[in-house]
There are 2 protein chains.
Amino acid sequence: MSRPYHHGALRDALLEQAQALLAEQGLSAVSLRELARRAGVSHSAPERHFSNRQALLDALTVRGFTLLAAAIRQALADHGDRPEDGFRAVARAYVSFALDNAALLELMFSSKAGHHDDAVASAAEDLFALTSGLVGESLGDKATTSVSPLRLVVVSTLQGIADLAAAGRIQPDEIDSVIDEAVSVFIPVLMHRRGQLA
Amino acid sequence: MSRPYHHGALRDALLEQAQALLAEQGLSAVSLRELARRAGVSHSAPERHFSNRQALLDALTVRGFTLLAAAIRQALADHGDRPEDGFRAVARAYVSFALDNAALLELMFSSKAGHHDDAVASAAEDLFALTSGLVGESLGDKATTSVSPLRLVVVSTLQGIADLAAAGRIQPDEIDSVIDEAVSVFIPVLMHRRGQLA
DNA sequence: ACCTGAACACCGTTCAAGT
DNA sequence: ACCTGAACACCGTTCAAGT
């Protein structure tokens, strides 16, 4: 028995280990050679699945966006009917992801100046549409097609709270009060806009 | 003449080159050996000034916080008297820094889980006090001592806008309208709170 | 006080060869 | 189709030695 010549699911195993390594020891510790070692294959076996280190990091990034989007969808599905409940639930899911996956979040939002991967771009776009859709939902269908400045402000605030929480600038015991404050700032503005549109 | 045995200002030269390399080719391109090459010294000369690569990155991070804080102070000094002018000027300075120094901003706000450098922590604290002080200024002296949730929401929004702009999720031509929207959301809230405190 | 040069253990990437 | 093993050029870090 032992391990067969073909690993069988090397690609998934590498990604799994990569996520763990990233969380435990940071981005610089995520090396193809170390991942190969942990998977029990030779140092050049990963090359079949990821043509270089960047390709592996891209796949990890896509995974991160997918996980975060799923967490946010779950939060939305579980929330109460009132707009402020949805907002609060999404903010909590976002921050919770940021605290549990700080290094992954950084990887997801690193700008990578000259870097353009289609799968990464589309996963990022999905998340962006989801969070900015929050605002559209509050405003009603009339406003869901345009990406208004207000949406971008709300998305920025969510992103900023998650960032500062992950960086420890917002302490764990302050998080709920900060989210509640954001809700109390934005909900009246959203309600007022909805009134104007009606 | 030529280059003397002692470089004379190697530390500053290394930091200067490091900032340029970071902006041009990203964090992974910032190697001690490449910096030594560019400075015209042996590969182990930098070790006198930075005991390891992390120490150099820490120094670069401190530089970043100092530069950003200076830009924000300048913006505050140049602004009009009205609170919304101050807010707008700071937001623009923040975003402008983020666009010009995307990789440096990432380095500054990377969480570095187990990483604690006193100089970095104190530079970060200075910036944080400066941006959150914005809100205190609007609220009057009564509120400047406590870090209220509202301050943290405002700081988060500034940080989020800068992040999303640097990552290209907010397009350059959308930035001014997003900043104006943030001003129009927060200024009435700040004015209202000030009224309650008076 | 500051810098050099050799040494060591790591890394990404490439490629002929094996199964 | 998938994996191995050797090779190459890079890197951070250490340390005895030079100026």
Side-chain angles (χ1 to χ4, degrees), chain A residues 1-61 103 107 110 112-115 117 120, chain B residues 1-61 103 107 110 112-115 117 120:
Chain A
M1 292 288 287
S2 79
R3 203 180 48 73
Y5 182 79
H6 289 81
H7 183 286
L10 184 53
R11 202 191 122 98
D12 283 348
L14 291 169
L15 279 176
E16 204 66 46
Q17 294 286 6
Q19 191 179 348
L21 248 177
L22 180 63
E24 287 161 21
Q25 302 184 231
L27 184 57
S28 61
V30 180
S31 77
L32 291 174
R33 289 175 104 111
E34 176 63 22
L35 294 175
R37 230 172 272 128
R38 293 191 173 200
V41 294
S42 83
H43 69 263
S44 48
E47 207 261 342
R48 284 293 127 189
H49 301 282
F50 303 104
S51 62
N52 53 36
R53 181 174 186 260
Q54 189 57 56
L56 178 129
L57 296 181
D58 286 344
L60 202 53
T61 298
L107 183 62
S110 65
K112 305 263 178 248
H115 170 252
D117 180 82
V120 170
Chain B
M1 293 289 287
S2 80
R3 203 180 49 72
Y5 181 78
H6 289 79
H7 183 286
L10 184 55
R11 203 192 123 98
D12 284 349
L14 291 169
L15 278 176
E16 203 69 43
Q17 295 285 6
Q19 192 179 347
L21 247 177
L22 179 64
E24 287 161 22
Q25 301 183 233
L27 184 58
S28 63
V30 179
S31 78
L32 291 174
R33 290 175 103 111
E34 175 62 23
L35 293 174
R37 232 172 271 128
R38 292 191 175 201
V41 294
S42 84
H43 70 263
S44 49
E47 207 261 342
R48 283 294 127 188
H49 302 282
F50 303 103
S51 63
N52 54 35
R53 182 174 185 259
Q54 190 55 57
L56 178 129
L57 296 181
D58 285 345
L60 202 53
T61 298
L107 183 63
S110 63
K112 306 264 180 244
H115 170 253
D117 181 83
V120 169

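As the structure is a prediction and not an experimental result, all values here were calculated from the model. Just so we're on the same page: letters track the sequence lines, and every chain starts at 1.
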Query raised in the report: Where along residues 9-17 of chain A does a heavy atom fall under 4.0 Å from DNA chain C?
Result: none
Between [options], spot the one nearest the side chain of [X], thanks.
X: A:Ser42; options: D:dC15, D:dC3, C:dC3; answer: D:dC3
X: B:Glu34; options: C:dT13, D:dC11, D:dT4; answer: D:dC11
X: A:Arg33; options: D:dG12, C:dT4, D:dA7; answer: D:dA7

Just the rounded figure in Å: distance from [atom2] of [N] to [atom1] of [X].
X: A:Asn52; N: C:dC11; atom1: CG; atom2: C1'; result: 14 Å
X: B:Leu56; N: D:dT13; atom1: CG; atom2: P; result: 10 Å
X: A:Glu47; N: D:dA6; atom1: CD; atom2: P; result: 18 Å
X: A:Leu27; N: C:dC11; atom1: CG; atom2: P; result: 14 Å
X: A:Leu57; N: C:dC11; atom1: CG; atom2: P; result: 15 Å
X: A:Leu35; N: C:dC10; atom1: CG; atom2: C1'; result: 15 Å
X: B:His49; N: D:dT13; atom1: NE2; atom2: P; result: 16 Å

Query - Residues in salt bridge (Lys or Arg N to Asp or Glu O under 4.0 Å) contact with A:Arg48, at least two apart in sequence or another chain - result: none
Requested in this report: Could you tell me which residues satisfy salt bridge (Lys or Arg N to Asp or Glu O under 4.0 Å) with A:Glu16, sequence neighbours excluded, listed by chain and number?
Outcome: A:Arg63
Report task. Just jot down the side chain to side chain donor-acceptor pair (under 3.5 Å) partners of B:Arg33, sequence neighbours excluded, or say none. Result -> none
Report task. Kindly say whether, by distance alone, the side chain of B:Arg48 makes a donor-acceptor pair under 3.5 Å with the base of C:dT4? Result -> no
Query raised in the report: Say you draw a straight line from OG of B:Ser31 to NE2 of B:His43; how long is it, rounded to the nearest 0.5 Å?
Result: 11.5 Å
Report summary line: CZ of B:Phe50 to CG of B:Leu32, rounded to nearest 0.5 Å, is 9.0 Å
With sugar-phosphate meaning primed atoms plus P, OP1 and OP2, does [X] contact a base, only sugar-phosphate, or nothing at under 4.0 Å between heavy atoms?
X: B:Ser31; value: sugar-phosphate
X: B:His43; value: base
X: B:Arg53; value: sugar-phosphate

Requested in this report: Would you indicate, yes or no, if C:dC11 has its OP1 or OP2 atom less than 4.0 angstrom from a side-chain nitrogen or oxygen of A:Arg37?
Outcome: yes
Minimum heavy-atom separation for [X] to [Y], with atom names?
X: A:Leu27; Y: A:Arg53; answer: O-NH2, 2.9 Å
X: A:Leu10; Y: A:Ala45; answer: CD2-CB, 4.0 Å
X: B:Leu14; Y: B:Ala39; answer: CD2-CB, 4.3 Å

Query raised in the report: Residues in side chain to side chain contact (heavy atoms under 4.5 Å, CB included) with A:Ala18, at least two apart?
Result: A:Val30, A:Leu35, A:Leu56, A:Leu60
Requested in this report: Fill in the dot-bracket string of DNA chain C, one character per base: . for unpaired, | for a pair to another strand, ( ) or [ ] for pairs within the strand, taking Watson-Crick or G-U pairs under 3.5 Å.
Outcome: ||.|||||...|||||.||
Requested in this report: Assess whether side chain to side chain contact (heavy atoms under 4.5 Å, CB included) is satisfied between B:Leu15 and B:Gln19, documenting all intermediate values.
Outcome: CA-CA 6 Å; B:Leu15 278 176; B:Gln19 192 179 347; over 6 Å; no
